[in-house]
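See structure below.
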Amino acid sequence: MTNQNGKTNEQDPLTTIDSIIHSRHNQGQLEEMRPTLIVGGGGSGQIILTRLKAILEDGYRDKWRQRISLLAFDTTSETFQVNSANGMVSLETGSEFFDIGDIPVSSIVRNIDSQVAIKERLGPILSKLPVTNMRNGSKQMRALGLMALLWNHPTVNDQLRQALWHLAGRNQVGNNLNQQQGINVFICGSLAGGTGSGATLDLAYLIRDAFSDLGTQAEFCHITGIGVLPQAFHGIKGPNMLPNTAAYLQELNTLMVKGNFEARYPDGRFLQSREAPFDIYYVVDGVDEAGRTWTDINAVCTMAAHAIYLQMGTQMGKKGANAICYKLRV
């Protein structure tokens, strides 16, 4: 800013005061939020998390990490980037983004008897998988998405548990843990592709299992699922998009109604649960209530990110039976 003498001030006092007031307001708003973990599976999940990170950094700079954690698992090494007011934003590899691709499919199939967990889950369809290494995405094949999660189970499970413990620790008041605050978890991904469709149900149950380590605080933890439907991918075609979606929704419906999930994991853990994977689940389309189509998957993911932020930053985010109030067909 230039003063009346034409000299440049190093710092405008009014701007400084406004900045302090804005910072204190945002800090108060942040402290009102429940601790929240947002997990993305596959490309769409990664896009949603990156868009959400841009929103958080715009509002809270780096302080959002006090109460919010982001974890994305994708079968590609490429990270999505968003151009925001604060510059380019992307998920940090090794702390927010994890590549679970580069799976030696052919070697796994040849030595399947030594991979008990993968054989139990995928044995009947292994012969139908492409005998090659998976290096850049799961090619709209749900089985490859699940295989990627199972192959990388130690990394995935450790990251989920570390994130939950980090968030649980932020609930301390003095030396007392605020048990009733709990943790909100959002799990988002596409139902049409391979990675999100193949992995997000298991991600939900791995988180359910991790909740049990939080003691009575687990009673106040909630999982919300967000699945992106094929019409959100305007102009993108693929023979497996509709079958993937139908298969996922059939599995989801069975587990939401009946529970009874059973799965073995490579570390020897055998997980059994009578609970539903999610407390509530939304399916997000690329067509609004007036029949208008969103431009592309990025636009849909941006709206989903804003919807998650709406729940995190308002009283809705403090309720288990929450609702996304957005003009998306859900």
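Throughout, residue positions are numbered sequentially from 1 according to the sequence presented.
- Evaluation of the ring pair (Phe, Tyr, Trp, His ring centres under 6.0 Å) rule for Tyr265 yields His153 as partners, not counting sequence neighbours.
- For Asp279 (side chain) and Thr224 (main-chain N/O), no donor-acceptor pair under 3.5 Å exists by modelled atom type.
- Remark: Asp158 pairs with no residue by the salt bridge (Lys or Arg N to Asp or Glu O under 4.0 Å) rule, at least two apart or across chains.
- Between Ile38 and Met312 there is a side-chain heavy-atom pair separated by less than 4.5 Å.
- Among residues at least two apart or in separate chains, salt bridge (Lys or Arg N to Asp or Glu O under 4.0 Å) pairs with a member in residues 211-222 are Arg161-Asp213.
- For residues 84-115, the ring pair (Phe, Tyr, Trp, His ring centres under 6.0 Å) pairs, not counting sequence neighbours, are Phe73-Phe98.
- A search for side chain to side chain donor-acceptor pair (under 3.5 Å) contacts involving Glu251 returns Arg142, not counting sequence neighbours.
- One finds the CG atom of Leu52 at 8.0 Å from the CH2 atom of Trp64 (value rounded to the nearest 0.5 Å).
- Environment of CD in Gln250: sparse, with no more than 12 heavy atoms of neighbouring residues, nucleotides or ligands closer than 6.0 Å.
- Here Thr302 pairs with Arg51 under the side chain to side chain donor-acceptor pair (under 3.5 Å) rule; sequence neighbours left out.
- Partners of Glu120 according to the salt bridge (Lys or Arg N to Asp or Glu O under 4.0 Å) rule, which considers only residues two or more places apart in sequence or in another chain, are Arg264.
- Nearest heavy-atom pair across Ile68 and Leu167 is N-CD2, 3.9 Å.
- Atom CD of Glu78 has 12 or fewer heavy atoms from other residues, nucleotides or ligands within 6.0 Å.
- A donor-acceptor pair shorter than 3.5 Å can be found between the side chains of Asp74 and Gln46.
- Contacts classified as ring pair (Phe, Tyr, Trp, His ring centres under 6.0 Å) and involving residues 103-126 (residues at least two apart or in different chains) are not found.
- A search for salt bridge (Lys or Arg N to Asp or Glu O under 4.0 Å) contacts involving Glu275 returns nothing, not counting sequence neighbours.
- In this structure the side chain of Leu201 reaches within 4.5 angstrom of the side chain of Tyr248, judged on heavy atoms.
- Residues satisfying the side chain to side chain donor-acceptor pair (under 3.5 Å) criterion with Thr195, sequence neighbours excluded, are Thr75, Ser138.
- Within the structure, the side chain to side chain donor-acceptor pair (under 3.5 Å) test picks out no pair touching residues 235-247 (sequence neighbours left out).
- Scanning for side chain to side chain donor-acceptor pair (under 3.5 Å) contacts around Glu262 gives Gln272, with sequence neighbours left out.
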